[in-house]
Every structure is written in structure tokens, then in C-alpha cells.
**Student:** 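First, the structure itself, so that you have it in front of you.
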Amino acid sequence: MTAQSGDHTRTVREQFRIQSAQFEQQVGGIGNRAIGPWILENLPLSGAESVLDVATGTGLMARDLAPHVRHVTGIDVTPEMLQQARDQSAAAGLSNVTFDDGNAAALPYADDYFDLVISRIAVHHFADPVVELSEMRRVCKPGGKVVIVDITASDDPTQADAHNQLERLRDPSHTTALPLSGLTALAQRSNLAVVHTSEADAIRDLDEWMDLTATPQDVREYITTAFETDAAGGASTGMRAHRVDGRFKFVHHWAVLVCDTGKSGG
Ligand SMILES: C[S@@+](CC[C@H](N)C(=O)[O-])C[C@H]1O[C@@H](n2cnc3c(N)ncnc32)[C@H](O)[C@@H]1O
């Protein structure tokens, strides 16, 4: 691990220690509940798979997958998120889900181990996503699938920059949300071939989104001003800012990319 990636891991752990308090309620809440079934619809599952969920967080994706596969292993670097994952899995009575502590940049598993390797809304937190995606490919069996699920930015670089700047202000562990074309190129650089994509919108509430990260007041005011400017027809936030019943909302655009590993022997 380089000094830079070590610093980034500390930033991730600090951010998600904070977010662990409300993550289940907000990200697993009503507003996002449609996302889970939509992701499952896009996965080529037979029911016999051993799955790795990279950067599992509180295990929302792992728990969604559990009834449809043989076993799910979730892995994450933030202890407080993993504790929630273990508690929620136990509370749900799931016997085919286990969780490990570890870094996506150096996965503690043998080559060609899992049938399906997935990571949901985490690539935009990775220090150098080619490293993490290459690790996901390494531990995936020949003939298996690597699946990237992430929020995307606009294809317009000005809008994408505005969006990423606001995301980083609100959560310093955010590195870069890419447009779908950028995620596809990233997969290719990681020796993954995208064979299926799907996209969906999810509406988020601005204040709840900033509550989740305990965003400091001065940053909240800066981001809110950017939303006011956007909603009034000024500079775009790149986030499709709008008001509903007086509250600011925005759109997180999601993408699923199902990838072949290109390994021989599958
Ligand atoms: C936005 S949460 C997503 C959690 C989960 N995948 C979900 O969809 O609900 C991002 C998670 O990525 C984890 N994470 C970020 N970088 C990581 C890395 N290099 N290795 C393992 N986990 C990482 C964080 O600790 C956090 O739990």
C-alpha cells in the first residue's frame, strides 16, 4: 500500500464510521428500495453461485443477493459498517452470508475463487479503481462475472466536474463518479469486457444526503447555495437539482455493468 492509498483508506474509514449511524435507514430506505430488485434483474444468477460483494458496507447488496445464490461473502474496510452488516444479517436469519474485514485493493482470496464478484456504489470511493477492479477480476473464476454498480456523472465534463466537486465537499472519501462511458473504459483498462449495462434514476433529498455525512454547516450552506443557483437557472450542479414541496432534491443516476473476465477455461 502506498502512503497516498493508506491516507485514502483512513479517510474512507473515518467517513463511513460517521455514515454507519444512518446508512441502513437512508440507503436501505424507502427512497432506494426499488434499486435492489432492479440490480438483481440485471444479474445472470443460476442460484448456485458463490458471490463476493466488495465494499459491502452494511451488507445491503449481500442481503439482497443471499436468497438467490448459494453463498455471499461481503468484505469492507470500515469496522462500523461491517458490524451493522453482521447484525442485520443475523437479524434477518441469513445463514449463507459471511463478512470479512479487508481492502478491495488487496483482496485476501485465492485466484479464480468466486463465481460472481460485485461491488455496489463503491468504485467512486476507490483510490485507484483499476487496482480494485483488477483484484475483483483476479478472484473471479473463468466464466464468472464481475459486476460494477455505481452512480454515474454526466457525459458533459463541466457538469461532471461540478457534480464531483459537490460530492467531495460533502464526503471527502468520494474520489470520482464517472459517466457510463468512463466506467466502461475503466472496466476495459482492468481487462474486463462489458457484456450488459442498465441504467436507473434514484431521487435523493439534499438535506438527508448531507445529514448522512454530518456535513459541516459552512459546507452545507455552500452546497445549498449551489442548488439554489442551479434551480434558478444559473450554473448547473450536474445533479439535476430541483425542489419538491420546498425541499431540494437531486438525481443519482445508477448504472449496472456486467463484465466477462476474458479468462480462458470458463
Ligand atoms: C457507499 S458505501 C456502499 C456500501 C454497499 N456496497 C452498498 O451498496 O450499500 C461504500 C463502502 O465502501 C467501503 N470501501 C471504500 N473503499 C474500500 C476499499 N478500498 N476496500 C474495502 N471497502 C471499501 C466503505 O467502507 C463503505 O462501506
Side-chain angles (χ1 to χ4, degrees), residues 1-2 4-29 31-40 42-43 51-66 72-89 97 99-109 116-136 138-139 146-152 167-168 170-177 190 200 202 204 208-210 212-213 252 254-257:
M1 185 183 290
T2 63
Q4 198 182 7
S5 64
D7 285 349
H8 184 67
T9 300
R10 273 191 289 283
T11 305
V12 166
R13 285 203 177 109
E14 174 55 14
Q15 271 307 310
F16 284 96
R17 180 187 65 73
I18 295 167
Q19 293 194 33
S20 66
Q22 292 183 37
F23 197 90
E24 275 288 311
Q25 181 201 344
Q26 273 210 28
V27 180
N32 287 284
R33 215 164 275 160
I35 289 287
W38 164 71
I39 295 171
L40 289 176
N42 283 285
L43 302 182
V51 177
L52 178 65
D53 180 27
V54 174
T56 191
T58 61
L60 285 165
M61 185 77 246
R63 298 202 306 279
D64 279 353
L65 278 161
V72 188
T73 305
I75 186 165
D76 203 279
V77 280
T78 306
E80 292 84 356
M81 296 291 274
L82 279 174
Q83 189 56 52
Q84 297 245 4
R86 293 187 175 108
D87 291 348
Q88 296 287 342
S89 276
V97 185
F99 294 100
D100 294 329
D101 187 343
N103 198 317
L107 291 170
Y109 309 108
L116 188 128
V117 183
I118 189 166
S119 190
R120 193 184 91 140
I121 48 172
V123 170
H124 68 268
H125 292 284
F126 290 158
D128 180 359
V130 171
V131 172
E132 285 87 350
L133 288 179
S134 298
E135 274 294 273
M136 290 171 65
R138 179 184 65 76
V139 302
V146 171
V147 182
I148 302 165
V149 183
D150 206 2
I151 54 164
T152 62
E167 293 266 8
R168 284 184 205 113
R170 174 251 180 196
D171 173 354
S173 75
H174 178 103
T175 49
T176 305
S190 313
R204 297 289 304 261
E208 287 180 6
W209 183 64
M210 296 192 290
L212 182 60
T213 48
H252 261 159
W254 289 59
V256 173
L257 292 83

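Note that ligands are numbered from 1 as they come in the structure, with each ligand's atoms numbered from 1 the same way.
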**Student:** Could you pull out, from T78, N103, D128, D100, the option with a heavy atom nearest to atom 18 (C) of ligand 1?
**Tutor:** N103
**Student:** Suppose we measure from atom 10 (C) of ligand 1 to each protein heavy atom; which comes out shortest, and what is that distance?
**Tutor:** F16 CZ, 3.7 Å
**Student:** Relative to the heavy atoms of A104, which atoms of ligand 1 are at a distance of less than 4.0 Å?
**Tutor:** 18 (C), 19 (N), 20 (N), 21 (C)
**Student:** Before you tell me yes or no, could you show the steps for V149 and N42 under side-chain contact (heavy atoms from CB on, under 4.5 Å), namely the whole-Å CA-CA distance, both residues' side-chain angles and the distance that decides it to 0.1 Å?
**Tutor:** CA-CA 10 Å; V149 183; N42 283 285; over 6 Å; no
**Student:** Verify the distance criterion only: is there a donor paired with an acceptor across the side chains of H252 and E167 at less than 3.5 Å?
**Tutor:** yes
**Student:** Any N or O of I75 that comes nearer than 3.5 Å to an N or O of ligand 1?
**Tutor:** no
**Student:** Would you mind running through ligand 1 and noting each atom that sits below 4.0 Å from a heavy atom of G57?
**Tutor:** 4 (C), 27 (O)
**Student:** Just by modelled atom types, is the L107 backbone N or O under 3.5 Å from a matching donor or acceptor in the R138 side chain?
**Tutor:** yes
**Student:** Taking 4.0 angstrom as the limit and counting only heavy atoms of V12, give me the atoms of ligand 1 inside it, by number and element.
**Tutor:** 14 (N), 15 (C), 16 (N), 24 (C), 25 (O)
**Student:** I need the contact type for I121 against ligand 1. Using non-hydrogen atoms and a strict under-4.0 Å cut-off, is it side chain, backbone, both or neither?
**Tutor:** both
**Student:** Out of curiosity, L133 CG to I148 CD1, how far, rounded to the nearest 0.5 Å?
**Tutor:** 4.5 Å
**Student:** What part of L60, side chain from CB on, backbone N/CA/C/O, both or neither, has a heavy atom under 4.0 Å from ligand 1?
**Tutor:** side chain
**Student:** Taking both backbone and side-chain atoms of D53, is any N or O found less than 3.5 Å from an N or O belonging to ligand 1?
**Tutor:** no
**Student:** Donor-acceptor check, side chain of Q84 to backbone of S20, threshold 3.5 angstrom: yes or no?
**Tutor:** yes
**Student:** What protein heavy atom is closest to atom 4 (C) of ligand 1, reported as residue, atom name and distance in Å?
**Tutor:** A55 O, 3.4 Å
**Student:** Nearest 0.5 Å, please: how far is CD in Q88 from CD in Q83?
**Tutor:** 10.5 Å
**Student:** Identify, by atom number and element, the atoms of ligand 1 in contact range of M81, meaning under 4.0 Å from any of its heavy atoms.
**Tutor:** 27 (O)
**Student:** For the 3.5 Å polar cut-off, considering only N or O atoms, please tell me whether R120 and ligand 1 meet it.
**Tutor:** yes
**Student:** To the nearest 0.5 Å, how far apart are CD in E14 and CD in Q19?
**Tutor:** 10.5 Å
**Student:** Could you tell me whether a side-chain N or O of R204 sits under 3.5 Å from a main-chain N or O of W209, the two making a donor and an acceptor?
**Tutor:** no
**Student:** Without swapping roles, check the side chain of R120 against the backbone of V147 for a donor-acceptor pair under 3.5 Å.
**Tutor:** no
**Student:** Would G102 count as a contact residue for ligand 1, given that I'm defining contact as a non-hydrogen atom of the residue lying under 4.0 Å from a ligand atom?
**Tutor:** yes
**Student:** Look at atom 22 (N) of ligand 1 and say which protein heavy atom is nearest, naming residue and atom and giving the distance to 0.1 Å.
**Tutor:** V77 N, 3.4 Å
**Student:** Applying a heavy-atom cut-off of 4.0 Å, say which part of T56 lies close to ligand 1: side chain, backbone, both or neither.
**Tutor:** backbone
**Student:** Could you tell me whether ligand 1 has any atom less than 4.0 Å away from a heavy atom of M61?
**Tutor:** no
**Student:** Provide, to 0.1 Å, the distance between atom 27 (O) of ligand 1 and the closest protein heavy atom, together with that atom's residue and name.
**Tutor:** D76 OD2, 2.8 Å
**Student:** Exactly one of T56, L43, V146 should register a side chain to side chain contact (heavy atoms under 4.5 Å, CB included) with I118. Which one does?
**Tutor:** L43
**Student:** Would you give the length of the straight line joining atom CD1 of I18 to atom OG of S173, rounded to the nearest 0.5 angstrom?
**Tutor:** 9.5 Å
